[in-house]
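Structure, as structure tokens:
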Amino acid sequence: MSHQETIGRSAHKINPNKAPIDPSRATPEGKYKHLGIWIFLGSETVLFASLFGTYIALKNSTAGGPTTQDLYGLELVFLMTLLLLTSSLTSVYAIYHMKNNNFKKMQLWMGITGLLGLAFLACEIYEFAHYITDYGFTFRSSAFGSAFYTLVGFHGGHVIFGLSWLIVLMMRNAKRGLDTYNAPKYNTFALYWHFIDVVWVFIFTVVYLMGMVG
Amino acid sequence: MSATTTQKRGLGTVIWDYMTTVDHKKVGILYLLFGGIFFLMAGVQALLIRTQLITPENDFVSAGLYNELITMHGTNMLFLAAMPLFFGLMNYVMPLQIGARDLAFPFLNGVGVWLFIFGGLLMNSSWFFGGAPDAGWTNYAPLSTQSPGHGVNFYVLGLQLAGAGTIISGINFIATIVLMRGPGMTYMRMPLFSWTTLVTSILILFAFPAFTIALFLMQFDRMFDTAFFDIALGGNSIIWQHLFWIMGHPEVYILVLPAFGIFSEVIPTFSKKRLFGYTAMVFATFLIAFLGFMVWAHHMFTVGLGPVANALFAIGTMAIAVPTGIKIFNWLLTMWGGSIKITTPMLYALGFIPSFTIGGMTGVMLGSTVADYQFHDTYFVVAHFHYVIIGGSVFGILAAVHYWWPLMFNRMLSEKLGKLEFWLFFTGFHLTFFIQHFLGLMGMPRRYWVFLENQELDLGNLISTIGAYLMGIAVIVLLINVVLSYFKEPAPRDPWDGRTLEWAVPNPTPYYNFKHTPLTRGLDPLWIEKMEGDGKIKPAEPLHDLHMPYGSILPFLMSLGFTIASFGFIYQLDGPHGRILIYIGMAFAIGCMIVRSLKDDYGYNIPKEVLEKEDD
Amino acid sequence: MKRWMGKFKALMLFTFLTILLAGCGKENLTALDPKGYGAEISFNLILYITFIMIGVFVVVMVIYTIVLLRYREKKGQENEIPVQVEGNTKLEIVWTVIPIILVIIILIPTIFYTFDLADTSEASTSINVDVTGNQYWWHFEYQDEEVSTSQDLYIPTGEKVYLNMISSDVIHSFWVPTISGKMDVNPENVNTMYIEAYEEGVYWGKCAELCGPSHSLMDFKVIAVSPEEYEQWITDMQNVDPEEVPADAVAQEGQDLFQNNCMGCHALGSAPSGVGPNLTNFGDRTHFVGYLEPTKENLVDWIMDPETLKPGNKMTGTYDVTEEEADKIAEYLMQLKPSEVTPESAGGIID
Amino acid sequence: MWLELQIFGFRALWSPYFFTFCLALGVIYYLVAGPYRHKFGGKEKPTIKQHILMYTALFLLYVVKGSPIDLLSHMMFTAHMIQMVVFLLIFPILVIKGLPLWIWEKALRNKTLGPIIRLLTKPIISLLLFNGLFSVYHIPVVFDFSKSAPAWHFVIHSILLIAAFIVFIPLLLPFKEINTMTPLLKVGYIFANGVLITPACVLIIFTKTPAYEAYLAGGAWLQALAICVPGDVLDGIEITLSGPEMFSPLSTINDQQFGGVIMKTLQEVVYLTLMVRVFFGWFREKSRDVDPVSVEVN
Ligand code: HEA
Ligand code: HEA
Ligand code: CUA
Ligand SMILES: [Cu+2]
């Protein structure tokens, strides 16, 4: 195809003199991405709903192994909930700064988001290790074990994916600053992160709280 | 001389072009090509099945092989033939119909198609790696978890990959239709094929993730010793059935709604009349989709869910007859008072109406719980779903292939051969499957490797097999037709006197689709211009530079990486080489993703001056 | 047009002819000639819905035919443009409401009988049989009588017999088309259904859920006898002495061989079933392993090479006997006829 | 069933007080919306259709909260669910459509009421509010509590009713502050309503054991009855009553499942009707017109 004119990054510069716009939705691609991630999260909802359904169906099938009451302790889970909720909040700040075209602050808050996510992940790993070593409770112990680790682990996997995404995003753009090409990427990440957070709230309620009650 | 006219290029260039393409038209053709290949494979498997059943207690194939054949036939047909063929058509036609230049996410479109292709190849490669999956396309646990060998692992991972591709395409279609409709193309003016694309995509979006999870559970049980379906450890095999059918039932509407869309294009075109009751047609589509999510347990009437659940699902199931009926009658009334021209696509549409109605009616009979206690898992069910699938989806695909062939390949298919093919296929189809209703009621369960002598099932099965061969001949006629068309003159523009936007583009379709953004002034925009104007679509805005995306090899490589990892998963229980493959494959795929996010891709512009020289 | 209709008619005629030729299928297998409660209800419902469906189909086809006859493009009028009708609310309401009514008409008896067939309130006062589905054979245990048997299920006519079904491995489905619809046999829970046969007879049963290579060979029989004969059969079965030594010498040897090689899996008398079928009344089987004629040659073939006759079965390769020994065992097994009441009492198998 | 019910006496069966109340509401509506409307700043008279809608609404209200159905709702879950559907899904729609617009406008422009309505009828909020409350109400503990404490029963039902009004207002009232959704979103909104109410129904339908104390023999159900049967009547007959099955042709568990099915199916019917109206109103006209060539397209 000979009739091409290459487009440069300059086309995506944000003009600071113009009235503030939402750089994440200034281009058609940005708009598509914004809708796209919402649709994607819709299908993720079904994904987790199926896992929740499986978990609820199997949560009492302990096959003589540890039960929900034996295992769960609220302190750690509570801490994890706090960590993740806060990280959602910090990502809101980051997006707020993005809309004001303040790249530094956005990176800062995104960084904090990432750190909180890491802390959450550490807690989760500790929790799993605790169950495995202290109770011998693995995902092969019983159907309940399989369902528990799969549900919570799937969420954990989403956190890991989100964190890797964030790290790549932040490192890639650290030098170049904000433009309408990368703003949509931050925006989609933030939405994804909120979703993970919401799912955790459900895990907290359905798995841990309801598990404590029995 | 138009710049888009393809010069003779080397085969290598063409292949590389397709491997790196993100153009919705080429992706569509990839879907059609591989969907077609899988269709032929599954069709040959069907012929083998029918050959085995030609006489009682036949030993043409062994019992184990027979189960592999039906499993691969069902899975290939549904997930790797019918659905991708529709995806191909949607990919090619839908953006043209709504006046868009491409899909919303061209790169993801590439990922979707390659995931499908590699997933399909992965699953079918099982034949060469010690045997195909053999637990039926429904793959019920615990038969599937206990199935020896690697067959079922291929099913799990193959469908996992293809399924991921499917979800990606679904998201892509939705975003495209919501955001990229051309000026004036409001929802109330969208052609029905685009509507059904939208609704089908919504179905995919909500149905397939349940299957993704089901496959994960199956994978964990088979490869990592978890206990989801292991009864000894408290597992429950019914969970698989629920998750499977929560996808499986919407899946059948995923298969038939696009066909409804196609007929809603074909019938008005060849009746020279606008679609009767357009609004009701759109609403009925939604209703079918909506109700489609509440009936999955009608495949589980005999599982022992209890009378309340059975009654509830019977109600939901039968309710679907109502919107479908609305559609049937609206099609009939579209033809009423029209001027019907019988071409090959129209023949398929005409064959569709009685065939699908029969299939739908047997569906309603199946929906009656108590009657289903007799029908379930017999050849009556086999007859039902081939009636709806072949009479609906396959007729739809064949109609569309003949209808849009000139648009896609710039050649006409021969009408003579087309009609011959239709009659062979139609006769063969009814011969094969009508008799099966009775076979089922006479006591022949499905998935039977052999039926016994002296059970008065011989004649029916013989007739059925003969019918299947007729269909085989019909498919060969189609193939001949396709090959011959290559040597023909280029097709004229708009050969069928079309009504919708896709017929307004020059032939062959330029890679940027529309030079001018087309203005839609009402339903059936091209028809309106033909009636009220000069037959040309009006430009919505002055000519300007067009922004296009670059092609990329990354979708191909990424999918390849996942496929390598899948092989690893399949073999990881056999020793360390499996695990090594997992690491290599995943690293490769993730590497591609990182490259994608590090390398900026801004696309390119086609300058206005270049466009000015092109045909309209 | 002519050609079109011609072909269609020929097709229809052909299919109807074949149906006539085929009749309604084999008397003791078909669901089209019900001889039991469940099957009768299903069949009546099937007929009822079929009539409604034919009615709808006729309406569709009448419109269809009129359209095809009247509105084909005529020669010389290719350029005429038909009126572009947008729709007709009244008509559309008609074909929305009529199907709704039809569907409701179908649903009422459906729901009624769904509850009727699921009713287990009389189970405690009726005959209860525990059914176990195994890859590829069926086991039956009469709860209160301490009688157990495999492959052939004896029931009295005119009585509801409750089946409590569970599977020992994968999912199977219990189906006796002529007397009852089917129900799945799941590994994780007991499913209960009842069957009632109106007439004496040997009814063919089929496994209707894919359960492995020999799914199609997992046949069984339900033998409906008169209540008196049923009582007789129960008593005979209760009185079986599994150790009883047969009269002739060959069979005696066979018994020894059987006890040494086979008793690890097979049971005699009321002993609970093991890995293999209970063979107490083997000599009375209508068929064995589901589909083989109960002749001595077949039996020897089976013992020598089960895999060919029933791929994937669980007996292959678990013992080591010679052809000669097999012959003796067969002699012994063929003599296991503990009861006067046999399939013949129910009229025998229909061939 | 009918005969057995007679032991509760006329007052419990037909609630004459409540009947008077509904009648009074009807009269007030007639007067305020009709002859005396100018006193309240009303403009147009309600149409005949609105009259019919309103009186049907009040009649239905009496049927489900006053007639024997109300009494039965304390003994049969199925009756309870029928009550719920009419009370929460049909009654509000009829009232919203039946009241003349100016009354709604007044409420909306009201200094205190207006902002509250506007806030609560934000689609996301109204959606979660109604379905959340409905689901919470059907958690066994809450449900049993409500059926055992007459005052709370009243409060809870009133809150549910308000939530039900709130959920339908953004769909049905034409004012632009609250009617913010495009037709497509409205269809989605109705759809989401259908989805969100499903978990409650599904749990009710698929539990294998009776979940609600209030319908079990012994104790709890009698307390529940006290809500609508005068104390003296109840004291008099208590000894002769074995349990709620006595009034019902269904076993407790079947009754519960059946109730769930009724809820789900009827709710589906109501929502589908709404959807049809929204959709056809939007589509039918629009798909017919052809824009003139000169029209400016955005
Ligand atoms: C394209 C695919 C497709 C379509 C469209 C349908 C459509 C329908 N199907 Fe089918 N079905 C399958 C594919 C499909 N099905 C497959 C693949 C299986 C088997 C899976 C397996 O086990 O392997 C299956 C199995 C299946 C079963 C389970 C059987 C069993 O295993 O026991 C049932 C039971 O209810 C059922 C019902 C229906 C109904 C009610 C419809 C309705 O949507 C039909 C509606 C249409 C009409 C009714 C005709 C037109 C209407 C009128 C002219 C109006 C007037 C009509 C009336 C008033 C009745 N189907
Ligand atoms: C899209 C779906 C679809 C389609 C189109 C078909 C098409 C056909 N099907 Fe299939 N079928 C299923 C989906 C489909 N089927 C499913 C889901 C099952 C259930 C599986 C299970 O139980 O798990 C099933 C099961 C099934 C059975 C039951 C098996 C059993 O239960 O034991 C039978 C038996 O007759 C059958 C027959 C046929 C036949 C004869 C065709 C014919 O229409 C096929 C026509 C096509 C051809 C004949 C191709 C011809 C090709 C050539 C001539 C080759 C040319 C070659 C080259 C150039 C290389 N199918
Ligand atoms: Cu057992 Cu099929
Ligand atoms: Cu279905």
Side-chain angles (χ1 to χ4, degrees), chain B residues 63-64 67 136 140 142-143 231 236-237 272-274 276-277 280 302-304 307 310-311 314-315 318 321-322 325-326 329 332 335-341 353 357 361 365 368-371 373-374 376-377 427 430 434-435 438 441-443 445 447-450 452 454-456 459-460 463, chain C residues 11 15 18-19 21-22 25-26 29-32 41-42 45-46 49 53 57 60 63-64 67 71-73 80-82 84-85 87 92 95-96 99-100 103 106-107 110-111 113-115 117-118 170-171 173 177 181-184 187-188 191 206 208-211 213-216 291 311 351:
Chain B
N67 287 353
Y140 276 11
L143 180 66
I231 284 88
N236 185 321
S237 67
K272 284 206 192 135
K273 247 185 97 208
R274 73 175 258 166
F276 190 88
T302 64
V303 166
N310 278 1
I315 297 174
M318 291 200 198
V322 178
I326 296 177
F329 289 111
L332 288 174
M335 293 190 278
W336 188 283
S339 169
I340 301 173
K341 189 168 168 192
I353 288 177
T357 307
M361 293 180 160
M365 296 174 77
S368 169
T369 327
V370 177
Y373 294 161
Q374 289 288 16
H376 178 68
D377 261 340
T427 324
H430 282 278
F434 193 73
I435 195 82
F438 297 92
L441 282 167
M442 281 151 61
R447 297 167 168 175
Y448 262 30
W449 162 53
V450 289
L452 302 181
N454 280 325
Q455 298 200 329
E456 301 184 15
L459 183 60
I463 294 175
Chain C
L11 179 78
T15 28
T18 52
I19 295 159
L21 283 178
K26 197 171 168 75
L29 174 61
T30 176
L32 292 170
I41 286 177
S42 296
L45 206 58
I46 291 171
I49 309 176
M53 289 302 149
F57 188 64
V60 172
I63 305 178
Y64 181 83
V67 165
Y71 299 110
R72 295 281 296 275
E73 187 179 87
E80 273 180 28
I81 305 296
Q84 304 288 309
V85 188
E92 287 172 48
W95 60 61
T96 311
I100 291 181
V103 161
I106 299 171
L107 274 172
T110 298
I111 292 176
Y113 285 113
T114 306
F115 279 88
L117 287 182
V170 303
I171 303 172
S173 190
K182 60 185 75 63
M183 185 163 228
D184 287 5
E188 58 257 292
N191 268 344
K206 299 258 176 196
E209 182 63 59
L210 180 62
C211 53
S214 283
H215 159 60
S216 60
Y291 75 108
D351 260 329

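Labels below follow one simple rule: chain letters A, B, ... track the order of the sequence lines, proteins then strands, and each chain is numbered from 1. Remember, predicted model here, so these are calculated numbers, not experimental data.
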Are the side chains of B:M361 and C:F57 in contact, using a 4.5 Å heavy-atom criterion?
yes
Determine whether B:R274 and C:V85 make a side-chain contact, defined as any pair of heavy atoms from C-beta on separated by less than 4.5 Å.
no
So, taking the atom named CD1 in C:I63 and the one named CZ in B:F329, what distance separates them when rounded to the nearest 0.5 Å?
5.5 Å
Check whether B:L452 gets within reach of chain C through its side chain, its backbone, both or neither, counting any heavy atom under 4.5 Å.
side chain
Toward chain B, the part of C:I81 with a non-hydrogen atom under 4.5 Å
side chain
Less than 3.5 Å apart, any donor N or O on the side chain of C:D184 or B:T302 sitting next to an acceptor on the other?
yes
Run the side-chain hydrogen bond (donor to acceptor under 3.5 Å, both in side chains) test against B:Y448 and tell me which residues pass, sequence neighbours left out.
none
Specify which of B:G337, B:G136, B:G304 makes the most heavy-atom pairs with chain C at under 4.5 Å.
B:G337
Shortest non-hydrogen contact from B:Q455 toward C:K206:
OE1-NZ, 3.2 Å
Top of B:T369, B:L441, B:V450 for chain C proximity - count of heavy-atom pairs under 4.5 angstrom
B:L441
With a 4.5 angstrom heavy-atom cut-off, which part of C:I46 approaches chain B: side chain, backbone, both or neither?
both
Given 3.5 Å as the limit, does a donor-acceptor pair link the side chain of B:K273 with the main chain of C:Q84, or not?
no
Rounded to the nearest 0.5 angstrom, the CD-NZ distance for C:E80 and B:K272 is 8.5 Å
Which pair of heavy atoms, one from B:E456 and one from C:K26, lies closest together, and at what distance?
OE1-N, 3.6 Å
Donor-acceptor under 3.5 Å (C:E188 side chain, B:S237 main chain):
yes
Max heavy-atom pair count under 4.5 Å with chain B, selected residue of C:S216, C:P311, C:G181:
C:S216
For the student: nearest non-hydrogen atoms of B:M335 and C:Y71, plus distance:
O-CB, 3.9 Å
Rounded at 0.5 Å granularity, tell me how far OG1 in C:T30 sits from CD in B:Q374.
8.5 Å
C:V103 to B:A321 - nearest heavy-atom pair and separation:
CG2-CB, 4.4 Å
Heavy-atom count around B:Y140 OH within 6.0 Å, excluding the residue itself: above 12?
yes
Taking every heavy-atom pair that is under 4.5 Å apart, which of B:G338, B:A371, B:A314 has the most such pairs with chain C?
B:G338
Is chain B contacted by the side chain of C:L210, its backbone, both, or neither, given a heavy-atom distance below 4.5 Å?
both
If you define the side chain from C-beta out and look only at heavy atoms, does anything of B:L143 sit under 4.5 Å from C:I171?
no
Between the main-chain N or O of B:K341 and the side-chain N or O of C:E73, is there a donor-acceptor pair closer than 3.5 Å?
no
C:E92 side-chain N/O to B:I326 backbone N/O, donor-acceptor pair under 3.5 Å:
no
Taking only residues two or more places apart in sequence or in another chain, which ones pass side chain to side chain contact (heavy atoms under 4.5 Å, CB included) with C:A118?
B:P307
Quick check on the interface: out of C:T114, C:I111, C:I49, who has the most heavy-atom pairs with chain B under 4.5 Å?
C:T114
If you tally heavy-atom pairs under 4.5 Å against chain C, which of B:N236, B:L332, B:I231, B:V370 wins?
B:V370
With side chains defined as the heavy atoms from C-beta onward, is the minimum distance between B:M318 and C:L107 less than 4.5 Å?
yes
dist C:M53:CE -> B:T357:OG1 (nearest 0.5 Å) comes out at 11.0 Å
